[in-house]
Structure formats: C-alpha cells, structure tokens
Amino acid sequence: MKQLGKVLIWIIILGAILFGVYAFVPEYPHNFMKSFVQPVVDARAKELITSVQNLTNSDVNNATYKEILEKHTSMRYWVYETRETEPGVEYVIFGGKGASINLKDYTDYDGLLSTSAFVKFEFKITGNNVDIYPYIDGKPMHINDARHAETNKKIRLDILSQLYGGFRED
C-alpha cells in the first residue's frame, strides 16, 4: 500500500510538471502540442478546423487552404480558439515553419525577405463570414486602416501564392 501511494504521488508530480511546461511555453510549441490533442477531445474544434482546411481559394488554382498552407511549410499546426474579448467569434489558426517568402515590394509592411519564415494565418469566423489575417515571423501582414485595405488583400494573396507555388524571385 505504501508503494502505491509513492507511485500516485510521483504521477501527480509528473503531471503537474508537464502541465507547467505546457502552460508556460511560447505560442508556437504550445499550439504545436495542442494541435495533436485538441481535435481528439474537442469535436467543435475538429469540425471547424476541417471546414477551414477545406475552404478553397479561387485566386490560387482553387486549392484548399490545407493544400496552400502546408505545401511549402513544415512543423505545422492547426488549432481552434475563442477569445473572451470577442464573444461569438471563433478562430482557426494555422502555423508553419520553413516558408520562403519574398515581400520586398511591400515597404509599408517592412519589405520582408525570408527563406525560413514562421507563417501564421488566423481565420476569424463570425457567423458565415471568414476574415483571414497573415503573420510572418510574428509580424502582422495587415494594417487596419482604409488606406491599406486593398494592399492587405494583395499581400495576403501574394503570401498564399508563394506558399502554394513556391518562392518568388525578383
């Protein structure tokens, strides 16, 4: 009986350590680990992630977002989340490493050129509306003002095209 108590205490300690590591790791490793467990234990997350993955983009050969985002990235994750600050809004978030991105022509967005970028796409779902926000190495590739509305669409399409078709050399 004494031995069983010791084993239970060690299991509790190990569980607390693992939870502590999971809770305090940065965004990428946290979401990467979460992406394995979440679809198994959360049916809503699995349903929404699958729905977003299967959306097609007519500007990129009618490819699905899963095909587009996963073609030239590695160590990928897809996760679902809600935010207390935005009730009724759901997010599906993609993250992937190793992307080659050429955005030198977009000076308002710091003109990035990377051969090993971390890309993140937030799919903001409000009812039947889906807004897509790209990030490269943690930097938002959208500027929230009326002057940049068209450029935001253009840079998002350029990023998606490069992720699907490969690096654009100038």
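Any value given below was found using the heavy atoms of this structure, including those in side chains, with hydrogens, waters and symmetry copies removed. As the structure is a prediction and not an experimental result, all values here were calculated from the model. Residue indices begin at 1 and follow the sequence shown.
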(request) Is it possible for you to check whether Lys124 lies under 6.0 Å from the centre of the six-membered ring of Tyr91, through NZ or CZ, and within 45° of that ring's axis? (result) no

(message) Can you see whether Phe94 has Arg76 sitting over its ring - NZ or CZ less than 6.0 Å from the centre and within 45° of the normal?
(response) no

Nearest 0.5 Å please: distance from the [atom1] atom of [X] over to the [atom2] atom of [Y].
{"X": "Met75", "Y": "Phe118", "atom1": "CE", "atom2": "CZ", "answer": "11.0 Å"}
{"X": "Ile49", "Y": "Glu47", "atom1": "CD1", "atom2": "CD", "answer": "11.0 Å"}
{"X": "Ser35", "Y": "His30", "atom1": "OG", "atom2": "NE2", "answer": "10.5 Å"}
{"X": "Leu113", "Y": "Thr115", "atom1": "CG", "atom2": "OG1", "answer": "7.5 Å"}
{"X": "Glu67", "Y": "Asn61", "atom1": "CD", "atom2": "CG", "answer": "9.5 Å"}
{"X": "Glu150", "Y": "Lys153", "atom1": "CD", "atom2": "NZ", "answer": "4.5 Å"}

Any heavy-atom pair between the side chains of [Y] and [X] that's under 4.5 Å?
{"X": "Ile125", "Y": "Leu48", "result": "yes"}
{"X": "Met141", "Y": "Tyr133", "result": "no"}
{"X": "Glu70", "Y": "Leu163", "result": "no"}
{"X": "Leu160", "Y": "Leu69", "result": "yes"}
{"X": "Ile159", "Y": "Ile136", "result": "yes"}
{"X": "Trp78", "Y": "Gln53", "result": "yes"}
{"X": "Ser116", "Y": "Lys97", "result": "no"}
{"X": "Thr64", "Y": "Ile68", "result": "no"}

(request) With side chain to side chain contact (heavy atoms under 4.5 Å, CB included) as the test, would you mind laying out the steps for Asn57 and Asn62 before giving the verdict? (result) CA-CA 5 Å; Asn57 187 315; Asn62 284 320; over 6 Å; no

Applying a strict under-4.5 Å side-chain criterion to I, L, V, M, F, W and Y, I'd like to know whether [X] and [Y] cluster together.
{"X": "Val79", "Y": "Val89", "value": "yes"}
{"X": "Ile93", "Y": "Val37", "value": "no"}
{"X": "Val40", "Y": "Met33", "value": "no"}
{"X": "Leu157", "Y": "Tyr135", "value": "no"}

(request) Measure across Asp137 and Ser114 and return the closest heavy-atom pair with its distance rounded to 0.1 Å. (result) OD2-OG, 4.1 Å

(request) Apply side chain to side chain contact (heavy atoms under 4.5 Å, CB included) to the pair Val92 and Glu81, showing each step before the final yes or no. (result) CA-CA 7 Å; Val92 170; Glu81 69 179 44; over 6 Å; no

(message) Side chains of Tyr106 and Asp158 only: does a donor on one sit below 3.5 Å from an acceptor on the other?
(response) yes

(message) Quiz question: by atom type and distance under 3.5 Å, do the side chains of Tyr80 and Gln38 form a donor-acceptor pair?
(response) no

(message) What verdict does the side chain to side chain contact (heavy atoms under 4.5 Å, CB included) test give for Glu90 and Arg44, after you've listed the backbone C-alpha separation in whole Å, the side-chain angles of each residue and the deciding distance to 0.1 Å?
(response) CA-CA 11 Å; Glu90 299 171 294; Arg44 176 70 179 156; 2.8 Å; yes

(request) Show the numbers, then the answer: is there a ring-ring contact (aromatic ring centres under 6.0 Å, His included) between Phe121 and Tyr65? (result) CA-CA 10 Å; Phe121 276 79; Tyr65 279 99; 7.6 Å; no

(request) Given side chain to side chain contact (heavy atoms under 4.5 Å, CB included), test Lys120 with Tyr77 step by step and report yes or no. (result) CA-CA 9 Å; Lys120 178 175 116 175; Tyr77 66 77; 4.1 Å; yes

(message) Under 4.0 Å between a side-chain nitrogen and a carboxylate oxygen: does that hold for Arg156 and Glu122?
(response) no

(message) Tell me whether Lys71 at atom NZ has more than 12 heavy atoms from other residues, nucleotides or ligands lying less than 6.0 Å away.
(response) yes

